[in-house]
Amino acid sequence: MKEELEKRYEPKNFEQRIYKSWEEGGYFTPIVDRERPKFSIVIPPPNVTGRLHIGHALVNTLIDIVVRWKRMSGFNTLWVPGTDHAGIATQMVVERKLAAQGISRFDIGREAFVEKIWEWKHQHATEIKDQLVRLGASADWSREHFTLDDQLSRAVRHVFVKLYEDGLIYRDLAMVNWCPQCRTAISDIEVEFRDRPNAKLWHIDYPVEGETVPRVPRSSSVEATPESSEELRGTPRNSEALPPTRRLTVATTRPETMLGDTAVAVHPDDERYKDLIGKFVTLPIVNRRIPVIGDAILVDPAFGTGVVKVTPAHDKNDYQTGLRHDLPQVQVIGEDGKMTANAGPAFEGLDRYVARKNVVALLEEQGLLAKIEQHAHTVGVHGKCDTDIEPMISRQWFVKIEPLATPAIEVVRNGQVQILPQSWEATYFNWMENIHDWTISRQLWWGHRIPAFHCPNGHTTVSIDDPASCPQCGAEVTQETDVLDTWFSSALWPFSTLGWPDKTADLDAFYPTDTLITGFDILFFWVARMIMMGLRFTGRPPFSHVFLNGLVRDEQGQKMSKSKGNVIDPLDIVDEVGADALRFTLAISASGRDIPLGKSRIQGYSAFVNKIWNASRFALMHLDTELKDAGPIDRDALRTVERWILSRLNATTAEVNRSLSAYRFDEAANALYHFFWHEFCDWYLEMVKPVLLGKHGQDADRAAAKRVLLEVLDRSLRLLHPFMPFVTEEIWQKLGGVEPSIMVAPYPISEVVLEDPQAERLLVAVQAIITAIRNARAERGFTPKDRFKLYIRGNTARESNFFREYAYLLIDLARLTEVIIEGEPPAGTHQDVVEGFHIAIEFPEKVVSPEQVERTRREIEKTEKELAVVGGQLGNEQFVRNAPQAVVQQAQARQAELAARLEKLQQNQ
RNA sequence: GCGGAGUUAGCUCAGCGGUAGAGCAUCUCGCUUACACCGAGGGGGUCGGGGGUUCGAAUCCCUCACUCCGCACCA
């Protein structure tokens, strides 16, 4: 064998060295090979902005597990890595950096600013890669991409032009979500909703023209706040100042928008107000004459006062209402969130929230503020900068989405694309079936500039190559200044990274990809759009399986956030305990639901890595043949223990492969954890120790044990490799295998010849017997140092032989003086039935403590209870008649065993 | 309001029709030359409440309660 393992497991001594050796071996880069089945997957491209967080660590660990598993399983495997230019996010980072120097992007202009971002990008380009490398990601770095690469930009342009030509991209005036901070439109799903429990609802009186009837009684359902009600209901001063004009009271959360009101709406069937429809009210402050309209869609007569002010330029519903009634649109808030000239000289230039205060103050002064209520509601904000969204009418580019969504729904419905965990499919359908057109233009500088060219005569040309002049009139053209939503380019990622629109060998060999692994939070942003674009432009879904993983939370189940200070940095963990422990912890926690992750949990699994290290060290101390020189195993020469551990390993192999196929990383990891620690280390290694140390058995036994030990270690390491690539490689290198690296060694598959139910049954019995003896010893207050004589009898000659052969194990592990196989146990021994075997232990006389008496009493009670349950069951005719035979037999065996135990317990009492 | 998920041992979760499980934590005993990042053992649960189906329900159905996540609405 090669040199031994270091005494202590120190991941930092070898992780980086090993990664380098993989890269040098070229194992990450597949060679196009039509003979072998392929497996391909693309990374969810992280934003170029900065560090990877724990969520990235999770996704990329799971991807790497699948990729390494597939690669070892014989697939020609490709993992495409890369990063996303992340439009707004990146632009904001660089803007902030400039702001620190007192520079705004407008100071230096578009070209210089974009240049700055590129500079910044180049400085940080390798950071993401370095972090993925630390995790052990086996991605093909020779195929790394960036969404603003020339190649990908070309794909974007092709798609845009084609969609435009097909009539699926259009430019139109529409109400969009506008971020006054970022000064750009954003799409519906970029809007996040925040609760504002202490918001207010202002009630404002609009005097009705030519109506002097007494005021309409206010709806009784509206409770006035104590401080506002009396004071504002109309003080004598105000009553004198104003004629007894009839007023309509509207309720609003945004009083500043009243400056842009162009109507007041009531429900057409509302008895209180229907007579006013068609009349006019005077808009306070502005003194504009605006109509009272009846609109059943906008107005819910039960809410507020039943009267709604209509501001078509600043509210989605009002916009629609305006279109229905042909109302003018008066824009009073500008792109910067400040009031426009339309708001009047008193307000022009004021921030919208300052204007709100002033409007309210002015209304109060004029006695038109009927009351102020507390009103909890939610407001839309821009998720990236937390600024309140301003609905705004502007000219934007849209993708007509329905023709794309329909086939994308179909492929999920018919199973061509499978989303796991399956419950997400309902969410997917729900969204896709109610989808709105996609606003794709952004008034940013960082991104793919829209390939549309305008000329002064109003012609617009959309083309793949920049036109020299307007094709229609020959005039000079200027390119559209807007850029595309960053998700537009990521939607093409699975095929653009493989060379599309060119017909490349990669595209031919690796598209469609097989699996997509990503966070559920970008199901709509990314996954759905990839399916739509993939179908539209390649005719095939971009992948067949989607595995959505949950959110990584802290150990209390809280979201990780900087402000709470509960953020776990994956790189810190890698530094502390190594990448393997982090990866294994993430894998064993990944069932698809949210993952509560704490340091103690990671610590727990780092103990497992340590265990693997030490068990391997022990094995290596006794192994003297290299894998490549070890001949085949002669199964006929094996003892039961060897056949047992091979059988268990085989079952584990089946379970791991099955679980990975179903994306149950948790189950696969659990199976390995349990097998390696509790079956291999706790039982098998303890059982072969006497043989390996030469204390028991013949030379032939020792040789067979060593051969099997080598086999089990080798296979276990290979099974574990996708989960913990570094430590398995470091150890495996000492085994002297044929392949240069464990990552290109074949992944174990289960083999029927290794199954051995009989050996498993006997070893289960041995383990249970040893446990029973240990229990009985402890119950009687003996220490492990006290040794006893055991009587045991096999039910067949073969079984008796087995116990004779393994008596040394029982003596060793259960700490006995001797084992009598056939002899009759003398009276007074402690007797028990374990797994169908009668055992008797000869304990010496010993004074029994009160605790032991109590324990026995409780044991009897418990056994009696269980016996009663089983008895009741067996006494039930319907059970005996209807239940499957096996179940009935099981119950009968259980009854017999319980009865026997009870008898012995009573004897011992 | 619509859709989805959850409620099982102190904590985090698995089990999803036939004796209540794991990891961590806790307690007891043991430094047995791979590992104290260890080994052996113990304690701890009327599986959210109620009803139903069934010989049998943590598991299937209904219902209620609470928690979480989407989406829509929010004058």
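Chain naming here is simple, since letters A, B, ... match the order of the sequence lines and numbering starts at 1 in each.
When the C1' atom is used for both rU19(B) and rC31(B), the distance is 38 Å, rounded to whole Å. A distance of about 12 Å separates the P atoms of rA20(B) and rA57(B), rounded to the whole Å. Taking the P atom of each, rC16(B) and rG6(B) are spaced 13 Å apart, rounded to whole Å. Going from the C1' atom of rG56(B) to that of rG17(B) covers 8 Å, rounded to whole Å. Remark: the separation of the C1' atoms in rU53(B) and rG41(B) is 43 Å, to the nearest Å. Using P as the reference atom, rA58(B) and rG48(B) are 10 Å apart when rounded to the nearest Å. Taking atom C1' in both rG21(B) and rA14(B), the straight-line distance is 7 Å, to the nearest Å. Across rC74(B) and rU67(B), the matching C1' atoms stand 23 Å from one another, rounded to whole Å.
Nucleotide rU33(B) forms no Watson-Crick or G-U wobble pair with any nucleotide shown, as no partner meets the under 3.5 Å limit on both distances. Nucleotide rU54(B) is matched to nothing when pairs are restricted to Watson-Crick or G-U wobble geometry with both distances under 3.5 angstrom. Across all strands shown, rC2(B) forms a Watson-Crick or G-U wobble pair with rG70(B), both key distances being under 3.5 Å. Pairing of rG45(B), defined by two Watson-Crick or G-U wobble distances under 3.5 Å, is not identified with any nucleotide. In this structure, rA9(B) makes no Watson-Crick or G-U wobble pair, since no nucleotide meets both defining distances under 3.5 angstrom. Summarising the base pairing, rU59(B) is matched to no nucleotide, lacking a Watson-Crick or G-U wobble pair whose two defining distances lie under 3.5 Å.
In this structure, the nucleotide among rU19(B), rC55(B), rG39(B) sitting nearest to the side chain of Asn882(A) is rC55(B). Distance from the side chain of Arg617(A) is smallest for rA34(B) among the nucleotides rC71(B), rA34(B), rC74(B). For Phe520(A), the listed nucleotide lying nearest its side chain is rC69(B); candidates were rC37(B), rC55(B), rC69(B). Across rC35(B), rA14(B), rU19(B), the shortest atom-to-atom separation from the side chain of Arg894(A) is found for rU19(B). Here rG18(B) is the nucleotide among rG18(B), rC38(B), rU12(B) with the atom lying nearest to any side-chain atom of Gln873(A). You'll find that the side chain of Ser423(A) is closest to rA5(B), out of rC73(B), rC35(B), rA5(B). Here rG4(B) is the nucleotide among rA34(B), rC38(B), rG4(B) with the atom lying nearest to any side-chain atom of Ala426(A). When distances are taken from the side chain of Phe193(A) to each of rC71(B), rU32(B), rA72(B), the shortest belongs to rA72(B). Picking from rG23(B), rC35(B), rG15(B) the nucleotide with the shortest atom distance to the side chain of Tyr605(A) gives rG23(B). Relative to the side chain of Val887(A), the nucleotides rC35(B), rG4(B), rG18(B) differ in distance, and rG18(B) lies closest.
In this structure, Trp431(A) does not reach the rA72(B) phosphate: none of its side-chain N or O atoms is under 4.0 Å from OP1 or OP2. Within the 4.0 Å cut-off from OP1 or OP2 of rC73(B), not a single side-chain nitrogen or oxygen of Lys316(A) is found. For the OP1/OP2 pair of rC13(B) and a distance below 4.0 Å, the side-chain nitrogens and oxygens of Ser589(A) include no atom meeting the criterion. The side chain of His678(A) contributes an N or O atom lying less than 4.0 Å from OP1 or OP2 of rG23(B). Close to rU33(B), at under 4.0 Å from its OP1 or OP2, lies no side-chain N or O of Lys689(A).
Between Asn177(A) atom CG and rC73(B) atom P there is a gap of 10 Å when expressed in whole angstrom units. The separation between Ile602(A) atom CD1 and rU12(B) atom P is 17 Å, rounded to whole Å. Phe584(A) has its CZ atom 13 Å from the C1' atom of rA22(B), to the nearest Å. Atom pair Asp682(A):CG and rA22(B):P shows a separation of 14 Å (rounding to whole Å applied). Taking atom CG on Leu548(A) and atom P on rG4(B), their separation rounds to 17 Å, with Å as the unit. Counting to the nearest Å, the P atom of rA36(B) and the CH2 atom of Trp677(A) are 12 Å from each other. Rounded to whole angstrom, the span from the CZ atom of Arg194(A) across to the P atom of rC69(B) amounts to 12 Å.
Contact of Glu686(A) with rA40(B) (side chain to base): no donor-acceptor pair of N or O atoms is detected under 3.5 Å. At a cut-off of 3.5 angstrom, counting only N and O atoms as typed in the model, there is no donor on one side facing an acceptor on the other between the side-chain of Lys611(A) and the base of rC37(B). If you check distances only, the side chain of Ser600(A) never reaches the base of rC24(B) with a donor-acceptor pair under 3.5 Å.
Arg815(A) comes within 4.0 angstrom of a base, heavy atoms only. Residue-level contact check: Leu523(A) touches neither bases nor backbone, having no heavy atom under 4.0 Å from any strand. At a threshold of 4.0 angstrom between heavy atoms, the contacts of Phe524(A) are confined to the sugar-phosphate backbone, with no base atom among them. At the heavy-atom level, Ser606(A) lies under 4.0 Å from base atoms of the strands shown. Counting non-hydrogen atoms under 4.0 angstrom, Asp666(A) reaches nothing in the nucleic acid. Using a 4.0 Å heavy-atom criterion, one finds that His674(A) contacts no nucleic acid atom at all. Using a 4.0 Å heavy-atom distance criterion, Arg196(A) is classed as making no nucleic acid contact. Within 4.0 Å (heavy atoms only), Tyr673(A) reaches sugar-phosphate atoms of the nucleic acid but no base atom. Using a 4.0 Å heavy-atom criterion, one finds that Pro884(A) contacts the bases of the nucleic acid, with or without backbone contacts as well.
Relative to the ring axis of Phe429(A), Arg413(A) places its NZ or CZ within 45° and under 6.0 Å from the centre.
Side-chain contact check for Asp812(A) versus Lys689(A): every heavy-atom pair is 4.5 Å or farther apart. A 4.5 Å side-chain heavy-atom check between Asp205(A) and Val250(A) finds every atom pair outside the cut-off.
The residue among Ala607(A) and Asn614(A) whose nearest nucleotide of RNA chain B lies closer to the 5′ end is Asn614(A). Residue order along RNA chain B, read from the 5' end via each residue's closest nucleotide, puts Thr771(A) first among Thr771(A) and Leu298(A).
Between the side chain of Asp437(A) and the main chain of Ile401(A), a donor-acceptor pair closer than 3.5 Å is present.
The CG atom of Leu586(A) sits 12.5 Å away from the CG atom of Asp666(A) when rounded to the nearest 0.5 Å. Summarising the geometry, atom CZ belonging to Arg583(A) is positioned 11.5 Å from atom CG belonging to Leu58(A); distances are rounded to the nearest 0.5 Å.
Evaluated for a ring-ring contact (aromatic ring centres under 6.0 Å, His included) with Phe520(A), the options Tyr428(A), Trp424(A), Phe525(A), Trp526(A) yield exactly one hit, Trp424(A).
Aromatic ring pairs are classed by plane angle as parallel below 30°, tilted from 30° to 60° and perpendicular above 60°; the pair Phe584(A) and Tyr673(A) is parallel. Using the six-membered ring where Trp is involved, Phe608(A) and Phe676(A) have ring planes that are perpendicular, over 60° apart on the 30 and 60° scheme.
A centroid separation of 6.0 Å or more is found between the aromatic rings of Phe665(A) and Phe723(A).
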